[in-house]
Number of protein chains: 2
Amino acid sequence: MTRKKLPAMSPSETEILRLLWSLSSGTVQDVCDRLPPGREIAYATVQTLLRRLEKKGYVTHQAKGKAHVFSPTARRENVIRRSVTDFVDKLFGGDPVPLMLHLVDETHLSHDDYERLKKIIDQAGRQDKREPKQG
Amino acid sequence: MTRKKLPAMSPSETEILRLLWSLSSGTVQDVCDRLPPGREIAYATVQTLLRRLEKKGYVTHQAKGKAHVFSPTARRENVIRRSVTDFVDKLFGGDPVPLMLHLVDETHLSHDDYERLKKIIDQAGRQDKREPKQG
DNA sequence: TGACAAATTTTACATTTGTACGAATAATAA
DNA sequence: TTATTATTCGTACAAATGTAAAATTTGTCA
């Protein structure tokens, strides 16, 4: 299946799509309710953003009573992968390592987070040895 | 000293500023020469971007012969910190941990990178224990 | 069935972004 | 000093973005 490459999302669109993911699916109102305190944008604005996301292919909707229930179409993983790649390209010339170092340095992590991270890194590192060059 | 908060950079501006960092300072032409192959934008475009960066306060210039030599004013660390924070806010609701996990998972790292990362994480984790709540 | 409320659609609009041409200017070589 | 060349400056402009008011439609309750 030729998975079409969707047009890039704007930051605000990204923000909205994230909220929709956290809801699985929802109406404009639902998304509005998820806006964090301090981030106040009008209902109509959220709606515009959802419409644009739909036009770009990131979400779809289905009528439910008088309201529209929106749901994400693109897989979260894929969208994130692309966003991260773009970001790393612009700010780090494509090399993710400096970003990782930055994150570890700048983030206050809980002990659990450290353990989890270490574990994952260990795993990834070991896997790396087992599959030296497989695509 | 009340360090003023600079207006956000656009992705293209970020890209250009990154190149300027890598040069320490340089003319429009210098920056153009640093554009990676495949990324071709006109001299005049680069110039506009630098001009806008200057207006926003990220770079400054000084005349050197007939050319202008641009140099970054904002500290790289700070700009990166802010960019990363913004990005994490939009895509992960402010929690950097999922981004770290994603990066470790998705990135093909060299053995050295793994070691380096592990070391840094260990260090950060230990430091975390020694300073339980100091700002 | 008619009024009311909730939601959508339509339309709008200032700003930012990406991109660049052409004119002006300054250095330089002849 | 003049022609040439490199470089900036001013200007432009379509598309994307952030934001939303106004108009309209659609359920729903009395």
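We name chains A, B, ... by the order of the sequence lines, and we start the count at 1 in each one.
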Q: Test side-chain hydrogen bond (donor to acceptor under 3.5 Å, both in side chains) on B:S83 and B:D86 and set out the steps.
A: CA-CA 5 Å; B:S83 302; B:D86 285 356; over 6 Å; no
Q.
Enumerate the side chain to side chain donor-acceptor pair (under 3.5 Å) contacts for residues 58-72 of chain B, please, sequence neighbours excluded, ordered by first and then second residue.
A. B:E54-B:H61, B:H61-B:H68
(Q) Expressed as a whole number of angstroms, how long is the span from B:H68:NE2 to D:dG10:C1'? (A) 14 Å
Q: Provide, to the nearest angstrom, the distance between the CD atom belonging to A:Q62 and the P atom belonging to C:dT8.
A: 13 Å
Q) Donor-acceptor pair, B:T45 side chain versus B:I41 backbone, under 3.5 Å? A) no
Could you give the distance from [atom1] ([X]) to [atom2] ([Y]), rounded to the nearest 0.5 Å?
X: B:L49; Y: B:Q47; atom1: CG; atom2: CD; answer: 10.5 Å
X: A:S10; Y: A:L17; atom1: OG; atom2: CG; answer: 10.5 Å
X: B:I120; Y: A:D105; atom1: CD1; atom2: CG; answer: 5.5 Å

Q) Linking I/L/V/M/F/W/Y whenever their side-chain heavy atoms sit closer than 4.5 Å, directly or via other members, would B:V69 and B:V46 fall into one cluster? A) no
Q. When you look at A:I16 and A:L20, which way does the side-chain contact (heavy atoms from CB on, under 4.5 Å) test go after all the steps?
A. CA-CA 6 Å; A:I16 295 302; A:L20 197 59; 5.6 Å; no
Q: Return yes if a side-chain donor-acceptor contact under 3.5 Å exists between A:R75 and A:N78, otherwise no.
A: no
Q: Determine, stepwise, if the pair B:V79 / B:M9 fulfils side-chain contact (heavy atoms from CB on, under 4.5 Å).
A: CA-CA 9 Å; B:V79 173; B:M9 282 184 292; 3.2 Å; yes
Q) Bend angle of the helix from C:dT1-D:dA30 to C:dA30-D:dT1 from five-pair axes at both ends, rounded to 10°? A) 10°
Q: Could you list by number each residue of residues 41-61 of chain A showing a heavy-atom separation from DNA chain C of less than 4.0 Å, or answer none if no residue does?
A: A:Y43, A:Q47, A:R51
Q: Using heavy atoms and a sub-4.0 Å distance, could you list which residues of residues 9-35 of chain B are near DNA chain C? By number, please.
A: B:S10, B:P11, B:S12
Q: Report the C-alpha separation of B:E106 and A:R81 in whole Å, then their side-chain angles, then the decisive distance to 0.1 Å, and conclude whether the side-chain contact (heavy atoms from CB on, under 4.5 Å) test is met.
A: CA-CA 8 Å; B:E106 294 282 329; A:R81 189 170 21 248; 3.0 Å; yes
Q. Hey, is A:E13 close enough to A:R52 for a salt bridge, meaning N to O under 4.0 Å?
A. no
Q) ring pair (Phe, Tyr, Trp, His ring centres under 6.0 Å): which pairs involve residues 76-96 of chain B, sequence neighbours left out? A) A:F87-B:F87
Between N or O atoms, less than 3.5 Å apart, protein on one side and nucleotides 25-27 of chain D on the other: list the pairs.
none

